[in-house]
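First up is the structure itself, then whatever we jot down about it.
No hydrogens, no waters, no symmetry mates; every other heavy atom, side chains included, goes into these values. First the proteins, then the strands, lettered A, B, ... as listed; each starts at 1. Everything quoted here is computed from the prediction, not taken from an experiment.
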There are 2 protein chains.
Amino acid sequence: MRASAMQRSIGTVIKKTQALTVHDVARLAGVSTMTVSRAINTPDKVSPLTLQKVKQVVAQIGYVPNAMASGLRLSRAKLVAAVLPTLTGPVFQETVRSLASALDQAGYQLMIGQTGYETSREDALLDAVIRRRPDGIVLVGILHSVEGRRQLLSSGIPVVETWDLTPTPIDMLVGFSHERIGESVCRFLAGKGYRRPVLLTASDPRAQRRLEGFRRAAGTLGLEVPAVVVDAPTTLASGRSAIAETLALYPQTDAVFCSSDMLALGVLIELNARGLVVPRDMGVVGLGDIEFARSLDPPLTTVKIDGVRMGELAAQLIVSRSQGVRIDQHIVDIGFEIVERDST
Amino acid sequence: MRASAMQRSIGTVIKKTQALTVHDVARLAGVSTMTVSRAINTPDKVSPLTLQKVKQVVAQIGYVPNAMASGLRLSRAKLVAAVLPTLTGPVFQETVRSLASALDQAGYQLMIGQTGYETSREDALLDAVIRRRPDGIVLVGILHSVEGRRQLLSSGIPVVETWDLTPTPIDMLVGFSHERIGESVCRFLAGKGYRRPVLLTASDPRAQRRLEGFRRAAGTLGLEVPAVVVDAPTTLASGRSAIAETLALYPQTDAVFCSSDMLALGVLIELNARGLVVPRDMGVVGLGDIEFARSLDPPLTTVKIDGVRMGELAAQLIVSRSQGVRIDQHIVDIGFEIVERDST
DNA sequence: TTGAAAGCGCTAACAC
DNA sequence: GTGTTAGCGCTTTCAA
């Protein structure tokens with residue numbers, strides 16, 4: 001009978017197997033604990049014979065070192081924390097995935113904390129994060145709380161902010177300028193002959209700055225740019241309703257710049273449902289260039305944000321810093337790129 | 001030369017700020033370290049006056065307890081690990097998000113490990129996970145490696161498998177039957193009058209079992225069911241090409257059951273591009289009922305998988321177990337539901 | 001090349 | 001209600 005089946009039928013509680021330690025290995029291998037530690041961490045500082053003996057015992061009894069103990073001793077958790085608004089939605093996914101991969105390759109694990117768009121949760125979350133003494137903290141998206149900023153600063157833990165660009169980061173930063181995106185998209189649309197663009201803007205500060213950039217550029221062209229606000233996080237459904245609202249309020253609109261590709265997909269679907277043809281009746285620009293953007297019908301013109309690169313760079317900054325390397329380039333602007341496809 | 005050695009030789013090393021400990025608080029508050037510990041963890045076991053004094057010092061100097069130290073002392077990391085194929089794609093997102101939230105509320109943090117669909121990576125990843133002595137491990141999706149199974153079992157760490165149903169879980173399980181989904185969707189489509197269904201099937205074992213279930217049910221109805229295989233992870237683009245292939249190979253197809261909602265979206269887009277009308281010319285069924293399914297045009301008939309509930313239950317099982325509660329229900333079948341909308 | 005001692009920061013158990 | 005002692009498992013330092 002299998003163990004689990006037995007437990008269910010009889011109701012036995014599992015005996016908690018006593019976890020193995022260096023002492024167990026040391027005893028069985030006939031060496032000191034220190035030698036075990038060396039055999040595992042710096043094998044070249046141990047004679048081939050002892051090394052082999054220790055390795056064999058480790059394999060045989062299935063010893064796995066305790067990271068809490070070594071972390072405490074070394075003051076290095078080999079852990080990095082990512083703090084983000086939410087794991088849901090395609091926006092930050094690529095960044096987090098590549099961050100996790102890059103860290104993994106360097107022997108670090110990733111811990112996740114979601115603020116859930118509530119500023120009140122941020123402080124408690126940061127406290128929980130700092131308790132673990134991670135080797136670094138990656139902020140994906142914005143940190144609102146002022147108290148949180150202070151906590152991070154005084155913790156002395158390396159911090160990388162992402163997805164934004166500010167001249168005054170907490171510590172390090174890998175991002176891009178939302179204002180410049182607004183400006184660029186405005187010029188791009190104007191260059192294509194669009195004269196009555198509308199922004200479908202998420203209710204977050206970064207979207208707000210894209211709007212400002214867009215309007216600034218539009219001002220020099222003598223254009224007025226209305227904005228339709230959408231609650232964050234943006235969804236396909238909110239894209240459909242936002243374009244419906246746009247058509248009702250500003251029927252002469254000839255192009256929309258959406259706060260995300262998902263929003264843009266909603267727009268495409270709603271326009272298609274209304275028998276309107278993109279780009280003939282309406283130009284559509286997305287943001288993110290997530291996986292499906294190129295596969296839509298028509299393929300979506302969008303602003304490519306290199307989330308993978310951002311994650312990799314963030315990982316690199318933290319790993320270097322935690323190994324004591326001086327970081328000269330505290331602020332990295334990874335830029336963006338307007339990918340022109342058939343929706344404009 | 002090791003990277004760190006090289007860095008040291010260049011000589012640009014930064015000194016770390018000394019982190020605060022209970023001793024600092026104790027000294028400044030004029031009490032013992034034990035009293036500080038009590039003031040923080042069991043405030044009701046401390047006199048109101050000392051409590052206030054300690055709290056004030058803590059706030060003033062910004063002391064944050066060291067979780068590695070308490071974790072080591074208590075043998076409780078207050079950490080749960082989630083191991084999954086990839087963070088990308090909408091499939092497991094809801095599960096992971098709700099898992100993180102539920103754990104957070106119970107005072108646990110979530111650590112992420114991605115196997116990246118490579119069995120070879122699984123063992124190394126599990127080793128890294130077990131080192132941290134998490135209070136539980138949640139397997140999202142399947143664990144392929146036999147050695148990994150063994151490692152997990154002998155670690156004694158509570159394990160919850162999800163997104164599947166097997167009579168022989170490693171430990172605990174929260175999932176649903178993929179075979180029954182196949183059967184149900186087959187009967188559903190047959191009931192709607194469809195006679196030539198095709199499956200767009202991802203190349204993973206769970207999708208395979210849905211196909212088997214579908215074919216078994218189809219067999220009793222005298223139907224043959226071809227399958228078009230799509231590489232995991234499924235994407236919108238692979239949906240477009242899969243339906244194109246389907247139309248070429250099996251032109252009389254009257255319905256498709258897709259391995260994910262994203263795949264189904266690709267199908268809808270491709271059919272729309274070809275001037276085919278859903279459901280008149282083709283019935284489409286998705287899997288997952290992710291956020292956008294109801295907002296598509298037409299709204300997508302799909303199999304609702306309650307990822308949020310799965311995450312919550314997994315969290316609950318682990319938290320209970322780690323608090324010493326006996327778990328009688330080792331296997332929880334959360335079922336599924338066919339949500340009929342307008343695409344069939 | 002190997003080992004003994006000490007301590008990372010915290011808290012259970014036991015005194016007072 | 002508070003303090004003292006000891007030790008969680010590991011690894012740096014120093015001695016052999």
Side-chain angles (χ1 to χ4, degrees), chain A residues 16-55 58 61-79 130-135 155-156, chain B residues 4 8 16-55 57-58 61-79 130-135 155-156 324:
Chain A
K16 194 136 195 186
T17 29
Q18 187 62 41
L20 299 163
T21 76
V22 271
H23 292 94
D24 300 302
V25 180
R27 193 165 25 79
L28 291 169
V31 297
S32 75
T33 60
M34 202 45 237
T35 300
V36 175
S37 174
R38 276 194 275 256
I40 291 171
N41 301 305
T42 51
D44 45 321
K45 292 192 169 180
V46 161
S47 83
L49 189 68
T50 31
L51 178 58
Q52 199 215 320
K53 239 189 325 185
V54 172
K55 273 191 162 173
V58 166
I61 67 175
Y63 167 71
V64 179
N66 184 326
M68 286 190 288
S70 63
L72 176 60
R73 180 64 238 243
L74 300 172
S75 300
R76 300 176 90 260
K78 282 281 195 173
L79 185 73
I130 294 172
R131 272 173 200 244
R132 306 233 172 240
R133 303 289 189 270
D135 301 296
S155 76
Chain B
S4 52
R8 247 176 289 123
K16 266 195 178 156
T17 31
Q18 189 62 40
L20 299 163
T21 76
V22 271
H23 292 95
D24 299 302
V25 180
R27 193 164 26 80
L28 291 169
V31 297
S32 74
T33 59
M34 198 53 231
T35 301
V36 174
S37 175
R38 276 193 276 256
I40 290 170
N41 302 304
T42 49
D44 45 323
K45 291 191 171 181
V46 159
S47 85
L49 188 68
T50 32
L51 177 59
Q52 200 214 319
K53 240 189 322 187
V54 172
K55 274 191 161 174
V57 172
V58 166
I61 67 176
Y63 167 71
V64 180
N66 183 326
M68 285 190 288
S70 64
L72 176 60
R73 179 64 238 241
L74 301 172
S75 300
R76 300 175 91 260
K78 282 283 195 172
L79 184 73
I130 294 172
R131 271 172 201 246
R132 305 225 174 247
R133 303 290 190 270
D135 301 297
S155 76

The criterion is side chain to side chain donor-acceptor pair (under 3.5 Å); which residues satisfy it with B:Ser70, sequence neighbours excluded?
none

What is the per-nucleotide protein-contact pattern of nucleotides 6-16 of chain D, from the 5' end, where B denotes a base atom under 4.0 Å from a protein heavy atom, S denotes such proximity for sugar-phosphate atoms only, and - denotes neither?
BBBBBBB----

What is the separation between atom CZ on B:Arg76 and atom C1' on C:dC10, rounded to the nearest whole Å?
15 Å

List in chain and number order the residues that pass side chain to side chain donor-acceptor pair (under 3.5 Å) with B:Thr33, two or more places apart in sequence or in another chain; answer none if no residue qualifies.
none

Any salt bridge (charged side-chain N to carboxylate O under 4.0 Å, His left out) pairs touching residues 23-32 of chain A, not counting sequence neighbours?
A:Asp24-A:Arg27

Run the side-chain contact (heavy atoms from CB on, under 4.5 Å) test against A:Arg73 and tell me which residues pass, sequence neighbours left out.
none

Contacts of A:Arg131 that satisfy salt bridge (charged side-chain N to carboxylate O under 4.0 Å, His left out) - sequence neighbours left out:
A:Asp127

Is there any salt bridge (charged side-chain N to carboxylate O under 4.0 Å, His left out) pair reaching into residues 46-55 of chain A, and which pairs are they, with sequence neighbours excluded?
none

Are any of B:Ser47's side-chain N or O atoms less than 4.0 Å away from OP1 or OP2 of D:dG1?
no

What residue pairs, at least two apart or across chains, pass salt bridge (charged side-chain N to carboxylate O under 4.0 Å, His left out) with a residue in residues 30-46 of chain A?
none

Contact under 4.0 Å: A:Thr35 side-chain N or O vs C:dG3 OP1/OP2
yes

Is the side chain of A:Arg133 donor-acceptor paired with the backbone N or O of B:Pro65 at a distance under 3.5 Å, no angle test?
yes

Among C:dG3, D:dT2, C:dT2, the one nearest any side-chain atom of A:Ser32 is C:dG3

Between the two end axes of the helix from C:dT1-D:dA16 to C:dC16-D:dG1, each built from 5 base pairs, what angle do you get to the nearest 10°?
30°

